[in-house]
Amino acid sequence: MENLILKLKEIAYNLSWSWSKDTVELFNDINPDFWNWSQHNPVMVMNEINPSYLEFILEKKNLGSRINSIYSDYKEYMTKSTYFEEKYFKSENPIIAYFSAEFGITECLKTYSGGLGVLSGDHMKSSSDLGIPLAGIGLAYNYGYFTQLINQNGWQTENYELNDFKNLPIYILRDENYIPVKVSVNFPGRTIFCQVWVAKIGRVKLYLLDTFIPENSVKDRRITDILYGGDNESRIMQEMILGIGGYRLLKKLGFDIKAYHLNEGHSAFLCFERIRDKMKTDNISYEEAKAKSYGSNIFTTHTPVPAGIDIFSKELFLKYFTEYAEKEVGVTPETLFYEGDLNKGQSDNDTFNMAYLAINNSKFINGVSKLHGQVSRDMWKLPETRSNIDHITNGVHIPSYVSISTNKLYTGYFSKNWKFDESIWSKIDIIPDEEIWALRHLNKHRLIQFCRERIKEKWISMGASKEKLEDAEFILKEDALTIGFARRFATYKRGTLIFSDLERLIRIVSDKKRPVQFIFSGKAHPKDEGGKNLISQIIAFTKNESLKNKIIFLDNYDINVARHLVEGCDLWLNNPRRPQEASGTSGMKVIANGGLNFSILDGWWDEAYAPGNGWKIDSLTDESIPQEQRDLYSSISLYDTLESEIIPAYYKRNRNGIPAEWIKMIKNSIRNLAGVYNTNRMVKDYCEKFYLKVS
Ligand SMILES: *Cc1c(COP(=O)(O)O)cnc(C)c1O
């Protein structure tokens, strides 16, 4: 028995459980209430259940053989030979460092806000699957990103929940004498110390720096409190900890890092620290050290709009970097300041741009879709003398987003290890249409149950009566065409486009024979009034008598809500203003579950779409046409395609009650897209194009 509990603990402390459906089911079965209450955190479940009661449960529910089998699968995963060592070489220690301000691994670890973080998490997970010798560097946010609650007036409110690190699947990094490893960064007039939390993500590790320790003043302990919180000064402080502190940690651990990957510009101060270190160890000049580190920095940009980039005033920059420049690097503060300018002091710019710092110091630069690569080349016209901006299209870690039923279906038709077998997608036709259709029902059923539960919980918290709670059973219909729209509520994503012609929308959703329903979810940045306004408009529409129970909004979009949505929705809607969506990844998550995409030809969909594997929404990109007119044009295309193609295809059933044409599209989508738009392909691309090409 003791042995079983030790095995469970070991499994709980490696976040690879988060993409093993068997393990998630096991923790749920130990105690469903604790599992939900802990927000799906096995360490908390184990810590909260009294040990003798845990033993009692394991025995009573007869979980021993399941634990043993899951444990042996885990051991096999951790030790089997991998893609990287088979194709290249074996490396015990990491040789690639991946820096990111956010990492989204699983719902209980709130170190992410949205797409960028989820992508970083998926990058780590696929690196583990492929055996890439990579280490992640990020920050341990005490409060992470906010929890969203929509109040009675339909307005977003933000709640900051404390991350209870001691009860999470992470642990303090200690040296051989069991003493916590610490790194320091000098700030004006003081030194900031950080301790380090380690998250094991399968075979790779993520190191999270944390300033909440007694060595720092009460105020400085708060530096790593909130993801993207506070003002520019908190941002510059966080980014110094991430870039400079992160580099110092890798040094301290003695890793021989060959490639530094900057996922977005937040970590770009890393470039300064690499130069400083090279100057010292090789006893060379600033320019020589810069040239030497240039060939092994990789910068991935994620935003096609200049407003999405961190920019600091000269005054703020000099406040934090004057001493660092003069005392630590041994150059003038201006030398460092000009690194944040594309024209290196030629233009009389008085701001410091983090993306420019990264661009000026990285040989390898890429956008995150083919189209975004082009947009980035146009946005940052780099001199012809240097290598230009490339692209590697984003992906998703498929095992993390498939439902329990999807996993069972693929396991049955292929093997338990279908996740590691790229060849299965071309064999999708061996699964009969009936089975795909049955899967769609199971996945949608789970989603609808989830929506009703969440809304009921919310009603209970608002003091609803018993009768009112019974109304939850009328929310959504099991057999209606279900369309999902979930993402950050930024204005360019046009969250309310589907409401442009309310009469037409009401007609569509109210069709008795061919009903259509929508599920919305998403957060707006706390300071984005425009985004919050869009949410409140949607909330108002969900209360409209003709739309009620057919259009719903789920509070607090996070990885958990996202997973349920991408499992169950029949159709995934995305209608940004082209070309502002760099890639978009949520649409990729529906593919393996049998969902289809309906999107503007922007980001990944611009290269993935082909007739027969999903649908497109047209857009006018001529900037001389007023924006309103362009939005109207897209909304008409949206309604037209929905009414003339999508709804008929979904409701056209054959003699066995199956929509053969729809299922053919599902199979096309899986066959043509699942093998491409995933992070295993993406991480392999990063290896071949960049990681193994550094100098
Ligand atoms: C996948 C995901 C995103 C990113 O979705 P986009 O389509 O890129 O907007 C954001 N948030 C969560 C929680 C996700 O799971």
Side-chain angles (χ1 to χ4, degrees), residues 18-19 39-40 100 102-126 144-148 227-228 263-264 300 302-305 308 367-369 371-372 393-403 447 483-495 519-525 531 534 554-569 571-593 595 597-600 602-606 608 614 673 677-679 682:
S18 67
W19 68 92
Q39 305 187 17
H40 305 158
S100 183
E102 43 171 318
F103 285 89
I105 316 288
T106 189
E107 47 267 29
C108 67
L109 195 58
K110 297 182 182 57
T111 47
Y112 68 97
S113 83
L116 183 72
V118 171
L119 180 81
S120 308
D122 285 0
H123 197 110
M124 299 296 291
K125 292 171 184 176
S126 279
Y145 203 56
F146 69 92
T147 304
Q148 177 197 53
L227 173 58
Y228 305 144
N263 188 43
E264 221 6 298
T300 301
H302 294 264
T303 169
V305 280
V368 289
S369 68
L371 178 63
H372 179 233
T393 303
N394 281 166
V396 295
H397 184 250
I398 293 176
S400 294
Y401 304 102
V402 291
S403 71
L447 168 62
I483 304 178
F485 183 99
R487 49 189 49 85
R488 192 157 50 85
F489 274 90
T491 333
Y492 80 86
K493 297 198 185 223
R494 298 191 290 200
I519 308 175
F520 283 85
S521 192
K523 295 174 177 176
H525 187 277
L534 292 178
L554 291 181
D555 287 17
N556 199 36
Y557 184 49
D558 68 352
I559 292 179
N560 186 36
V561 173
R563 202 177 41 245
H564 282 91
L565 285 169
V566 300
E567 287 174 8
C569 286
L571 191 73
W572 197 253
L573 175 66
N574 189 18
N575 47 38
R577 289 187 183 134
R578 189 179 191 269
Q580 295 192 48
E581 184 88 296
S583 165
T585 55
S586 52
M588 302 174 187
K589 298 170 189 166
V590 306
I591 298 168
N593 287 307
N597 277 278
F598 179 33
S599 170
I600 295 276
D602 197 8
W604 77 286
W605 196 236
D606 185 59
L673 307 177
Y677 299 97
N678 67 70
T679 37
M682 180 190 86

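Counting starts at 1 for both ligands and their atoms, in listed order. Just the heavy atoms: all of them, side chains too, but no hydrogens, waters or symmetry mates, feed the values below.
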Asks: I need the nearest protein heavy-atom contact for atom 4 (C) of ligand 1: residue, atom name and distance, please.
Replies: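 Protein heavy atom at minimum distance: G115 CA, 3.4 Å.
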Asks: I want to know if ligand 1 touches Y401 in the polar sense, i.e. an N/O pair below 3.5 angstrom.
Replies: no
Asks: Under 4.0 Å from ligand 1, counting heavy atoms only, is it the side chain of A562, its backbone, both or neither?
Replies: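 The answer is the side chain.
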Asks: Hey, does the side chain of T679 reach the backbone of H123 with a donor-acceptor pair shorter than 3.5 angstrom?
Replies: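 No, the answer is negative, given that no donor and acceptor are paired below the 3.5 Å cut-off.
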Asks: For ligand 1, which is the ligand I care about here, please tell me if D558 has any N or O atom under 3.5 Å from one of the ligand's N or O atoms.
Replies: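 No, there is no polar N/O contact under 3.5 Å.
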Asks: Okay, side chain of K589, backbone of R563: is any donor-acceptor separation there less than 3.5 Å?
Replies: no
Asks: Angle class for the Y228/Y145 ring planes (parallel below 30°, perpendicular above 60°, tilted otherwise)?
Replies: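 Ring orientation, 0 to 90° scale: perpendicular.
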Asks: Counting from 1, what ligand 1 atoms have a heavy atom of I559 closer than 4.0 Å?
Replies: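 Close to I559: 13 (C).
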Asks: List the atom of L116, the atom of E102, and the distance in Å for their closest heavy-atom pair.
Replies: CB-OE2, 3.7 Å
Asks: Between K493 and L534, is any pair of side-chain heavy atoms under 4.5 Å apart?
Replies: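 Not in contact.
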Asks: If you measure every N/O of Y112 against every N/O of ligand 1, is any gap under 3.5 Å?
Replies: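 N/O-N/O distance below 3.5 Å does not exist for this pair.
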Asks: Quick check: does any side chain N or O of S126 sit under 3.5 Å from a backbone N or O of H397, one acting as donor and the other as acceptor?
Replies: no
Asks: Identify, for atom 1 (C) of ligand 1, the protein heavy atom at the shortest distance, and state residue, atom and that distance.
Replies: K589 NZ, 1.4 Å
Asks: Atom 8 (O) of ligand 1: which protein heavy atom is closest, and how many Å away?
Replies: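 Minimum-distance protein heavy atom for atom 8 (O) of ligand 1 reads T585 N, 3.0 Å.
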Asks: Nearest protein heavy atom to atom 12 (C) of ligand 1, by residue and atom, and its distance?
Replies: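 Here the nearest protein heavy atom works out to Y557 CE2, 3.7 Å.
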Asks: Could you tell me, atom by atom, which parts of ligand 1 come under 4.0 Å of a heavy atom of S586?
Replies: 5 (O), 6 (P), 7 (O)
Asks: Under the 3.5 angstrom rule, does the side chain of D606 hit a backbone N or O of L371 as a donor-acceptor pair?
Replies: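 Not a single qualifying donor-acceptor pair exists.
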Asks: Check each atom of ligand 1 against the heavy atoms of R487 and keep those under 4.0 Å away; list them by number with element.
Replies: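 By the 4.0 Å cutoff, the relevant atoms are 9 (O).
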Asks: Any heavy atom of K493 closer to ligand 1 than 4.0 angstrom?
Replies: yes
Asks: Treating N593 as the side-chain partner and G595 as the backbone partner, does any N or O pair qualify as donor plus acceptor under 3.5 Å?
Replies: no
